[in-house]
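Each chain gets a letter, A, B and so on, in the order the sequences are listed, and its residues count up from 1.
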2 protein chains.
Amino acid sequence: MVNKVKFERDEVIRTAGQLFWQKGFNATSTRDLQNAINMRPGSIYAAFGSKEGLYCEAIKDYALFMQNQLLSALNEHESILDGLTAFVKKVLIEDAECAPSMLCMLVKANNEFTEDEPTLKLLSNDLANQFEAFLTTLFEKAQHTKELGTKLTAVEYARYFQIQFTGLRSYLNRPNTQALADALIDQMFLSIKQL
Amino acid sequence: MVNKVKFERDEVIRTAGQLFWQKGFNATSTRDLQNAINMRPGSIYAAFGSKEGLYCEAIKDYALFMQNQLLSALNEHESILDGLTAFVKKVLIEDAECAPSMLCMLVKANNEFTEDEPTLKLLSNDLANQFEAFLTTLFEKAQHTKELGTKLTAVEYARYFQIQFTGLRSYLNRPNTQALADALIDQMFLSIKQL
DNA sequence: TTTGATTTTGAGCGACCGTTCAAGTTAAAA
DNA sequence: TTTTAACTTGAACGGTCGCTCAAAATCAAA
């Protein structure tokens with residue numbers, strides 16, 4: 001090798017991801033990206049192939065980041081439900097102050113893409129399904145440790161959690177709702193426990 | 001007046017609305033609209049001023065249509081909660097077969113628009129708040145008739161309903177989830193009643 | 001110090017965007 | 001039948017889009 005790349009790949013992906021997360025895929029222009037990540041078209045296309053390629057890396061990075069957030073919240077709590085609660089509060093209260101959107105980037109992706117963008121539609125769906133599968137194993141564990149009843153199957157709990165979480169984030173995306181976050185999260189877990 | 005317009009305004013707004021609902025505002029081009037509503041640019045701009053103007057009419061029409069759907073479901077049931085259940089099933093099961101998206105058009109709008117489109121952001125938010133206000137009066141009535149307890153205030157019930165409804169629609173937007181709709185709706189109202 | 005593969009730069013391509021407007025068409029009024 | 005204001009048409013404008021590529025810059029190896 002006679003010349004090394006001058007940019008930090010992970011950092012570029014994260015910065016681009018923030019922009020994509022905020023504005024959506026279609027509303028983010030390649031000029032926006034050029035400014036945000038301080039790279040010229042040639043370099044971007046050499047490194048990522050296309051705007052779509054960069055977006056794919058960014059959304060995969062987002063999913064990985066979320067999973068790590070959840071894992072570290074679980075590590076800090078004995079109880080799985082406590083860990084999940086801490087995770088939700090971290091994402092919706094602490095991180096929310098500087099996050100580009102209250103909405104989950106995967107959900108935003110699923111909302112934006114139609115059959116016109118089959119690759120991105122498939123990818124965002126895959127990542128959401130992976131997250132659901134991970135949640136399912138969590139609720140299985142919670143049922144084994146008797147934290148949670150067996151009225152619902154683990155996958156049903158996982159579905160219910162996602163519905164609540166997504167609905168809540170969508171509501172908190174409205175202006176002047178941030179003050180309600182804490183109480184609504186408690187209400188969410190109350191309703192999960194007493195299902 | 002020496003010459004009348006040749007298009008049916010309401011029908012044009014509804015058709016355009018279906019396209020906007022499906023693809024979002026930014027991803028719907030004026031050429032898409034021209035084809036869908038069979039009008040040439042000059043006529044569209046004479047009638048609606050701009051793409052944004054047509055979108056405003058379309059989203060207001062959507063909100064009105066939803067309110068009418070809810071009102072007619074309420075008329076067909078003694079109980080308010082039964083009426084709400086029928087409304088949700090109508091929207092998520094019956095209408096879903098030919099609707100352009102599982103998601104609420106207002107929610108999609110709120111998700112898409114940033115500070116770059118302040119007019120549309122404000123409008124979609126206004127319409128969502130109006131719907132919340134209407135829901136609140138419904139839950140007040142339900143509390144007066146003892147259908148519902150007073151553990152939560154009416155506006156808290158309205159918020160919870162919207163969170164559930166939005167979260168559910170987002171989940172049902174994923175592929176191969178339609179079969180789950182009926183059970184998840186029952187679960188939703190169960191959790192509202194036992195809050 | 002020279003070489004040369006690799007990376008970066010940025011002008012610019014063709015396509016499509018939202019929108020305009022002069023010209024053509026229409027039909028009620030004169 | 002002629003007039004004329006309202007409506008429709010569609011070519012085309014300036015701007016932005018995603019993306020390309022020839023030229024310049026870079027730096028490890030020779």
Quiz item: What's the CZ-C1' distance between A/Phe20 and D/dG18, to the nearest Å?
Solution: 11 Å

Practice problem: Round to the nearest Å and state the distance from A/Ile37 atom CD1 to C/dT9 atom C1'. | Solution: 14 Å

Practice problem: Take atom CZ of A/Arg40 and atom C1' of C/dG12, then tell me their distance rounded to the nearest Å. | Solution: 16 Å

Practice problem: Please tell me which of A/Gly42 and A/Arg31 maps to the more 5' nucleotide of DNA chain D, matching each residue to the nucleotide holding its nearest heavy atom. | Solution: A/Arg31

Quiz prompt | Geometric class of the A/Phe25/A/Tyr55 ring pair [parallel <30°, tilted 30-60°, perpendicular >60°] | solution = perpendicular

Practice problem: In whole angstrom, give the distance that lies between atom CD of B/Glu52 and atom C1' of C/dT19. | Solution: 14 Å

Quiz item: Any Lys/Arg nitrogen of B/Arg174 or A/Glu132 sitting under 4.0 Å from an Asp/Glu carboxylate oxygen of the other?
Solution: yes

Practice problem: Can you measure from OG (B/Ser72) to CG (B/Asn75) and round to the nearest 0.5 angstrom? | Solution: 7.0 Å

Self-check item: A/Tyr55 OH to D/dG18 C1', straight-line distance once rounded to whole Å
Solution: 17 Å

Quiz item: How long is the line joining NZ of B/Lys23 and C1' of C/dC17, in whole Å?
Solution: 13 Å

Quiz item: Hey, does the side chain of A/Ser29 come within less than 4.0 Å of D/dC17's phosphate (OP1/OP2), counting only N and O?
Solution: yes

Quiz item: Rounded to whole angstroms, how far apart are CD on A/Glu117 and P on D/dG18?
Solution: 12 Å

Quiz item: At under 4.0 Å, does any side-chain N or O of A/Tyr45 touch on OP1 or OP2 of D/dC19?
Solution: yes

Quiz prompt | Protein-nucleotide distance (A/Leu19, atom CG; D/dG18, atom P), rounded to Å | solution = 11 Å

Quiz item: Base, sugar-phosphate, or nothing for A/Thr30, non-hydrogen atoms under 4.0 angstrom?
Solution: base

Self-check item: Lys/Arg-Asp/Glu bridge criterion (N-O < 4.0 Å) met for B/Asp126, B/Lys60
Solution: no

